[in-house]
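In what follows, every heavy atom counts, from backbone to side chain, and hydrogens, waters and symmetry copies are set aside.
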Amino acid sequence: MKTPLLISALFFSGFIFAQQKSDTLKTKNIEGITLKKQVFRKQSDRFIYDVASSPIAKGTNSFNLLKQTPMVSSIDGKSLKIMGKSEVVIYINNKKTNMDSESLIEMLKNTPSEDIQKIEVITVPGSEFQVESNEGVINIVMKKKRNNGYNGTLKMQNEQSYYNNPSAGVSFNFRQNKFAVNTNFNTGSWTEREKYRLSNGDSTFKNESFGFNDDPNKNFGGSVNIDYEIDKKQNLSFTYNMRYNKSFNSILDITNIQNGVLKNRTVNDEDAQRRNHSFNLNYEIKTDTLGSKLTSNISYLWFNRDKYSINETFPFVTDKDNKYGAFKQWVPQIINNYAANIDYLKKTKSGDSWLMGVSYNNTKTDNDTRQDIYTANGFVNDYDQTNYFIYKENILGAYITYERKLNEKLSGKIGTRYEMTKSSGEILGKTSFDRNYNNLLPYVNINYAINADNNISYTFSSRIRRPRFWELNPSRTYFTPDNYTQNNPFVLASKHYNQEINYMFKNAFYANLSFNYVEDASNQVPLQGTVTKPEKDKNGQIILDENGNPKMVTTKFLRYIRTNYGNNKQLGLTLGMNKSWIKEIWTTNYSVNLAYVMYSGTVSEDPTSVQIPGQTEVLAPYIVDVKNFNFSAQFNNTIRLSAKKDWFLGINYFFASKSKMEIGEMGIRQSLDLSVKKIMGNWTFVAELYDVFNQNFNKINGVQPNGSYNNVTNFGYPRILNIGVTYNFGNQKLQKAREIKSANDAVKSRT
């Protein structure tokens, strides 16, 4: 109980201190009070962080600034998350970013924080946002200046974890009257090492596996955005994004022990590469002087992933049940997407606004998977695991929202989104399916400003989550020949219903109460069972017993299958504080997230299994029955070390308690991060040490009512030392080209 008490003491001590200082603040300059209140505030359906008024917004990059934003966290330096939300979608100037996640993070790390005016955190997005499930939105609003000229940023960094990983990036912006261009390019290498320990079984059988994975990655990517102002009312722009990633000679090396006896060693050697190209043409016209405008986009996305691997099993003791085995696997995927959308924003003289639009997405995925198995005659095709999967999807969507300020205290927003989805999938020569569904997704937000210090709001939203394209491709990824993950082309879309009540006090303290309900929830669940089939000799021929019948052999398996399992509910409460102390020398961003989850359902069959004559499969039903309370906390501290505001010390701490989910109980995770920043004119030098004590790793223990268990420990060497230097050149007041929302943004996150 010491940790929860400490968290409560830290949070509420700040609250009490703020109350004690209120009378003193009233006697100070009114203008100063206004500045403090504008740093962080609640407005309508979103939280607004005015970074231009924040003391920590100088001399850093956009990614580090987002990590210091209230309700936003990053515990690995590679991703962002809004506390209590499944995922985060990044918008820039109200336009969804047109990049894959890795390129987006690199772009943010290469964008100076001085370019940002404010950051908006939208915990329940309205109907106009292209989001799914329980996703939140971070909208970055850039500063707007009309100065001609150019500017740019050069950035180099070196990260030391288990391996050393350098990277570099450059961004360049140019503006001359009506013509603007902004580009960026980044490249780097990252070799990731993970250590595994797996165990599963029951009262009669115990399997243990341990080993490591070395995954070397080399990548480069970039984008160009060209914007031309036709006249005062019309703009035309073109955007191109690309990214290439190569991971050759990725080694997974696992040693297996069964019932205490050293059995075999499995080595998987994989070569993979990904290519991503996307294009977008945008046209925008202003229809009046109030801010009304019509926006249209035409987009194309091409995504390709090639993966080849060879999996070999080496026996420690050679006998008829323990022999050398191998197979080869080719898993290519090609995604083509064509998309278009038209949006119209209508503003009235009374301050009301209407926002309406239509969109269309046409997607085709091509997945030609092949698997060859080793025999005495060499490698031959394994028909059962070779498949050619074609998936087609058409989505037609339309939305409308209406926003109105009823009086100085009360405002509201109401809307709905209607989506028609028509999809079909076919595993050539084996099976096919058609899946068509329509969804009406309502949204409502009511905001009430009680007085200058208190604000409360209520929001309801309905969304769906379509399976990601890689989740549908029925291919396998092996740990051992009997332990693998497999995707599922028959996964259904999940329906999400999200509700929130937000309260803010003095623009510094906030509380967020949420309830989320999911129908047809899906996840990757571990399925255990046995397969009984005819035994074969080294030539692949069936062995007969003394009566001339096939000799049968029974083996146990563990499969991680992505499938729908039932429903889940989650009740959450987030308490937070964002405030500066001691004449803004010490800036704090604290938050505590409490959650109670209820997951229920049963998986009684493997939806990817194919009945093979002469083979019998017995599966133990997997029961999901979770009721669990958990909490997490984040304490970010920035301390200004000099009066010149050129030295800063960062001390951040993250803690997550044990938490139960569909596949088991996740162990405690925590991370202490330290950083020092030095600003010298246009140069910024940063030294960061993440997870000082190596405590941020995954350990999951799962036990079923029948006594079967499945435990996974994944240690990714989270302690990282990062040394970085950034140089900003040119006219720093230059306005960048407009950030444009692509018509196929909703599809990109599913690749």
Between Y596 and Q570, is any side-chain donor less than 3.5 angstrom from a side-chain acceptor?
no
Once the angle between the rings of F479 and Y196 is folded into 0 to 90°, is it parallel (under 30°), tilted (30 to 60°) or perpendicular (over 60°)?
perpendicular
Applying side chain to side chain contact (heavy atoms under 4.5 Å, CB included), run through N200 and N483 and close with a yes or a no.
CA-CA 10 Å; N200 62 86; N483 185 343; 4.3 Å; yes
Evaluate side chain to side chain contact (heavy atoms under 4.5 Å, CB included) for Y388 paired with E426, printing each intermediate quantity in order.
CA-CA 8 Å; Y388 194 170; E426 181 179 9; over 6 Å; no
Quick one: closest heavy-atom pair of P489 and P474, and the distance?
CD-CB, 3.8 Å
Stepwise side chain to side chain contact (heavy atoms under 4.5 Å, CB included) test for D202 and K556
CA-CA 11 Å; D202 52 32; K556 290 183 176 289; 4.1 Å; yes
Hey, are E617 and S609 close enough side-chain-wise for a donor-acceptor pair under 3.5 Å?
yes
Between D215 and S247, is any side-chain donor less than 3.5 angstrom from a side-chain acceptor?
yes
Would you call K569-E519 a salt bridge at under 4.0 Å N-O?
no
If we count only N and O atoms by modelled type, under 3.5 Å, do the side chains of T365 and N367 hold a donor and an acceptor together?
yes
Just checking, any donor-acceptor pair under 3.5 angstrom between side chains of N706 and S708?
yes
State whether a side-chain donor-acceptor pair under 3.5 Å links T386 with N381.
yes
Answer yes when D372 and R370 have at least one side-chain N-carboxylate O distance shorter than 4.0 Å, and no when they do not.
yes
Could you tell me how the ring of Y484 sits relative to the ring of Y478: parallel (under 30°), tilted (30 to 60°) or perpendicular (over 60°)?
tilted
I need the minimum non-hydrogen distance between L472 and P467, along with the two atoms involved.
CD2-CB, 3.7 Å
Could you tell me whether D271 and K307 have a side-chain N and a carboxylate O separated by less than 4.0 Å?
no
Under 3.5 Å, is there a donor-acceptor pair between the side chain of E135 and the main chain of S133?
no
Does K533 NZ have over 12 foreign heavy atoms under 6.0 Å away?
no
Could you label the plane-to-plane angle of the Y374 and Y324 rings as parallel, tilted or perpendicular, counting under 30° as parallel and over 60° as perpendicular?
perpendicular
Without swapping roles, check the side chain of T608 against the backbone of N488 for a donor-acceptor pair under 3.5 Å.
no
What I want to check is whether the side chains of N165 and S167 have a donor and an acceptor closer together than 3.5 Å.
no
Please check: side-chain N/O of T187 versus main-chain N/O of N219, any donor-acceptor pairing under 3.5 Å?
yes
Close side-chain approach of R719 to L689, heavy-atom, < 4.5 Å:
yes
Looking at F655 versus F631, is the centre-to-centre ring distance below 6.0 Å?
yes
Main-chain N/O of Y709 paired with Q528 side-chain donor or acceptor, under 3.5 Å:
yes
Closer than 4.0 angstrom, basic N to acidic O: yes or no for R562 and E471?
yes
Just wondering, do F212 and D214 contact through their side chains at under 4.5 Å, heavy atoms?
yes
Donor + acceptor pair across side chains of T530, T554 (<3.5 Å)
no
So does D606 pair up with R559, basic N to acidic O under 4.0 Å?
yes
Quick one: are D366 and I390 in side-chain contact, heavy atoms under 4.5 Å?
yes
Under 3.5 Å, is there a donor-acceptor pair between the side chain of N628 and the main chain of K660?
yes
Looking only at side chains, do N311 and N268 share a donor and an acceptor under 3.5 Å apart?
yes
Considering non-hydrogen atoms only, spot the tightest contact between L527 and Y622 and give its length.
CD2-CB, 3.7 Å
Regarding T574 and N593, is there a side-chain donor-to-acceptor distance under 3.5 Å anywhere?
yes
Will you find, in the side chains of Q670 and Y653, an N or O donor that is under 3.5 Å from an N or O acceptor?
yes
Lys NZ or Arg CZ of R193 over Y162 ring: under 6.0 Å, within 45°:
yes
Surrounding NZ of K364 (heavy atoms of other residues, nucleotides or ligands, distance under 6.0 Å), is the total greater than 12?
no
Note, N698 side chain near M666 side chain (heavy atom, < 4.5 Å)
yes
Test item: F715 and N694 side chains (from C-beta on) under 4.5 Å apart, heavy atoms:
yes
Step-by-step side-chain hydrogen bond (donor to acceptor under 3.5 Å, both in side chains) determination, T480 to N256
CA-CA 8 Å; T480 72; N256 305 295; 4.8 Å; no
Quick one about N630 and S657 (side-chain donor to acceptor, distance below 3.5 Å, no hydrogens or angles considered), yes or no?
no
Any side-chain donor-acceptor pair under 3.5 Å between N696 and D691?
no
From CG (N722) to CD (Q157), nearest 0.5 Å
4.5 Å
Nearest heavy atoms of N158 and P166, plus distance in Å:
ND2-CB, 3.7 Å
Considering all heavy atoms, the nearest R669-F697 contact:
CG-O, 3.3 Å
Distance under 6.0 Å and angle within 45° of the ring axis: does K246 meet both against F220?
no
Determine, stepwise, if the pair Y565 / E662 fulfils side chain to side chain contact (heavy atoms under 4.5 Å, CB included).
CA-CA 9 Å; Y565 64 83; E662 295 94 333; 2.6 Å; yes
Is a side-chain donor or acceptor of N213 paired with a backbone partner of I251 at a separation under 3.5 angstrom?
yes
Which heavy atom in M598 sits nearest to a heavy atom in K627, and how many Å separate them?
CG-CG, 4.2 Å
Any side-chain heavy atom of Y599 sitting closer than 4.5 Å to one from N523?
no
Any L262 side-chain heavy atom under 4.5 Å of T255 side chain:
yes
Can you tell me if Q385 uses its side chain to pair, donor with acceptor, with the backbone of T369 under 3.5 Å?
no
Given N304 and R275, is the side-chain hydrogen bond (donor to acceptor under 3.5 Å, both in side chains) satisfied, shown in steps?
CA-CA 5 Å; N304 169 240; R275 305 174 184 88; 2.8 Å; yes
Would E132 and R468 count as a salt bridge (charged side-chain N to carboxylate O under 4.0 Å, His left out) here? Give the steps.
CA-CA 11 Å; E132 296 190 341; R468 304 313 187 227; 2.9 Å; yes
Side chains of N377 and T375, donor plus acceptor under 3.5 Å
no
How about I335 and W302: do any of their side-chain heavy atoms sit closer than 4.5 Å?
no
With sequence neighbours excluded, residues passing salt bridge (Lys or Arg N to Asp or Glu O under 4.0 Å) with D269:
none
For the residue pair Y560 and Q486, confirm or rule out a side-chain donor-acceptor distance under 3.5 Å.
no
